[in-house]
Amino acid sequence: MSALRRWAIALGVLLLGRKKRQPRFADRPRIVPPGDADPRAEWLVLVLLLFAAAAAVGFIVVYSFNHLAHQTQYLGLALGLAFACVAAALILVAKRLVVTEELEEDYPLPHPTTQEELEQLVEESGDRLTRKRLLLTGAGAAAGAIGAALVVPALSLGPLLDTGGFYETPWRRGVRLVDEHGKLLLLDEIEDGTFYTAYAQRADKELLGSPLVVVRFEPSQLHLPPKRRDWAPGGVVAYSKICTHAGCAVALFRKPTFPVVEPGPALICPCHYSTFDPTRGAKVIFGPAGRPLPQLPLAVDSSGVLRAAGNFSGPVGPSWSGVRSKAPRNAS
Amino acid sequence: MIRAVVRYLDERSGTAPFLKKALRYVFPDHWSFLLGEVALYTFVILVGTGIYLTLFFEPSTATTYYTGHYLPLRGHEMSVAYRSAVDLSFKVRAGLLMRQTHHWAADVFVASIVLHMLRIFFTGAFRKPRDLTYYLGLTMLIVALLEGYLGYSLVDDLLSGMGLAIGYSVLMSIPFVGGNLALLLWGAPFPGKPDFESRMYVAHVFLLPILIATLLGLHLFLVAARHHTQFRESRRTTEKKVIGIPTFPGQAPRSLGLFFAVAAVLFLLGGLIQINPIWLWGPYHVAQGTNGAQPDWYLGWLIGALRLVPSFDVTIGHYTLVPNPFWGGALFPLLVFLILYLSPWLERRLTGEYGFRHLLDRPRDAPWRTALGAALFTWVFVVFLAGASDRVFVSFGVSYVGQIWVYRVLVVILPVVALFATRRLCLALQESERLGRIRKQAEAEARGEMPQPE
Ligand code: FES
């Protein structure tokens, strides 16, 4: 018992005692100028540090719960407060507990003589060479070729020159349209003025060439280019769902509620708001896209299922140099 | 104790003189000098939280189905990457805190770099001998933008996918080589081969962070090697001597305090303010898009630029030369960075000042530089605002088409206005200072004091 008390007292003295240290470097001029003590600030720093410790312990406690409502918030709060207290303590130390000195130092200067010596050193080192240019050319050739050899394996990353893949789509004459669950799209089930997403049956849905937007209009509302007159059986039109601007999905359909005052129906891409007119072959009517959405010719088979009557009217998705020059082709 | 440590180190490395110099290295004191430090410390937090995230995130686009506790996603088809990101938000304790803090830190990182750069630009701190330091900083900004973009693209939620589709298209739009480059990076036409996720991952968690760290190291080395710039505060601050507080004991607790303050803010943000709730966006599918998707703020200027360009591709007959996204997505940022990179050289050419500059200008002291900088900044800022026009439409009902037309006009006019207005303002400030000085002098003379030489 008494041993314990003695230990406690010793600890107390060690922690709480304020001893004036003997200056150990009295025989030398000071480096850091002296300053007055500030016991209040010291206490404040101590309190802040203890707060920080408490908050950190709080973090551990909150963390140890298995299910706790708002756990993320409490964790962030605890850790944030711990850091904030340390920050405050340190700033207090900077402002009140260390002396604020003002030092001067010369800006460094360049070293002209050493620069010259370096030049001299390099030049003199090459004195024994008589065909310097030729050797340098050789070194250049070796470095260039080796560099190229090291870069060439990067070509395995992808088909660098074969851009044919851009033109491939899963569509060709006779491919059936399905919805996202794989259900066949029937002409009779397509309602006027509603927006459907369709895919090529049995094809990867995640290919840019696959998804379509399908909309039905009164045939009299449609003003397709002359060559596409029979592409829209029953007034149903299908376009690639991938925006020709930058590859987003054309996910918005504006259906005019009051056709007289509102602008006409439109397919709109939510990325940069390219706006296409589905009644006129998805012509661009606003926004940055440079090409209409490619249209897919449709046909209806004897059981009323919508099928492709061919491939798209143009390449699908974002443009690249040369994009208009070829028609899309079937991938399979 | 201290002696023992120092002796141990010095006997083995001989660095005692260097350490002494480093501890007494001089820091001029000004709040705006801390912006770069904020960026540095944010980077530290990014690395820390990022390492934590890599312990749980699986970068794979293999298909899987969600079976976790979050009901709206139950049974949905998604990539392993997206599922692991959702799981690390909901299942891993402290996972969401780390993920949100990481995301906030990325936003703050770019913001602090940009503010730091503006400070450097408008005080002329990029002049010799610090132009190289400035180039390194600009390069870090570019890498940071790319790093942030890859970070939120990795998750493979709907926003990631839309962002990637746009990035792919911008790359595709580069004249002549774009399509080939896109194929090379993605491995196949969009959405690319599964390897693409691994490629993004190694870039995001290894290549680019190492690059940033290297650039950062060089940047700091150069700063220390040439010492800090300083404002002309008293007659003692000259081009010859730097005046300020030493690293130790003066600067160290301030700087360390700043580190903890930055950490505190980031973790408080990460814990208390939701950011990028990926479970609401859902997994990405090529055929899906969402309205009102906003990227992180630092990509807003690119979205805005893509939206402002009117509908046209440059074509010759049936051959497309320059697809539309090139203008806003590639040329615009290239131009902005080109101007920034050329600024030190241009300024040398135009002013004929080739000497060393250690003293900073206040913005008003260099009216032309300030005016040109303001014009550039205005240009980028107007485009940035245009990127938010769909939000304005949703929130206030202002016609989207109308806004875009207004911005198309403003983007030409406002920079010019900013140029002349800023120059006038700078000159006016100079003039009023001059008058103030004359008045003070006159008053002093009237009181019969000796006039102070300026
Ligand atoms: S991707 Fe559709 S408008 Fe840009």
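Convention: sequence-line order gives letters A, B, ...; per-chain numbering from 1.
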R199(B) versus chain A, the contacting section by heavy-atom distance below 4.5 Å: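 Contact with chain A involves the side chain of R199(B) alone.
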Go through the atoms of P310(B) and report whether side chain, backbone, both or neither lie under 4.5 Å from a heavy atom of chain A. backbone
Heavy-atom side-chain proximity of T320(B) to W320(A) below 4.5 angstrom: no
So what's closer than 4.5 Å to chain A heavy atoms on Q230(B): side chain, backbone, both or neither?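 Both parts, backbone and side chain.
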Side chain, backbone, both or neither: which part of A225(B) has a non-hydrogen atom closer than 4.5 Å to chain A?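 Answer is backbone: N, CA, C or O of A225(B) sit under 4.5 Å from chain A.
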Contact class of L185(B) relative to chain A, heavy atoms under 4.5 angstrom: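 L185(B) has no heavy atom closer than 4.5 Å to chain A.
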Identify which part of Y400(B) has an atom lying under 4.5 Å from any heavy atom of chain A, answering side chain, backbone, both or neither.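 Only the side chain of Y400(B) comes within 4.5 Å of chain A.
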Just to verify, what does I245(B) make a side-chain contact (heavy atoms from CB on, under 4.5 Å) with, not counting sequence neighbours?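 side-chain contact (heavy atoms from CB on, under 4.5 Å) list for I245(B), sorted by chain: T100(A), F27(B), Q251(B), R254(B).
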Report which part of T238(B) has an atom under 4.5 Å of a heavy atom belonging to chain A: side chain, backbone, both, or neither. backbone
State which residue, out of L160(A), T163(A), D162(A), fulfils the side-chain contact (heavy atoms from CB on, under 4.5 Å) condition with L183(B).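 Of all the options given, the one that passes is T163(A).
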Check whether any side-chain heavy atom of I166(B) lies under 4.5 Å from a side-chain heavy atom of H272(A), and answer yes or no. yes
Region of L321(B) that comes under 4.5 Å of a non-hydrogen atom in chain A: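 Contact with chain A: backbone only.
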For residues 58-72 of chain A, please give each side-chain donor-acceptor pair under 3.5 Å, one per line with the distance, not counting sequence neighbours.
from   : atom 1 : to     : atom 2 : distance (Å)
S64(A) : OG     : V61(A) : O      : 2.5
Q71(A) : NE2    : V62(A) : O      : 2.9
Q71(A) : NE2    : F65(A) : O      : 3.0

Residue E239(B) versus chain A: region with a heavy atom under 4.5 Å: backbone
Given a strict heavy-atom distance threshold of 4.5 Å, which part of L77(A) is in contact with chain B: side chain, backbone, both, or neither?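 Contact with chain B: backbone and side chain both.
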According to the interplanar angle, ranging from 0 to 90°, do the rings of Y107(A) and H358(B) count as parallel (below 30°), tilted (30 to 60°) or perpendicular (above 60°)?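 Correct class here is parallel.
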So, the side chain of N324(B) versus the backbone of P288(A): is there a donor-acceptor pair under 3.5 Å, distance only?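 Looks like yes, one N/O pair under 3.5 Å.
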Using non-hydrogen atoms and a 4.5 Å limit, figure out which bit of F312(B) sits close to chain A: side chain, backbone, both or neither.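 The backbone, not the side chain.
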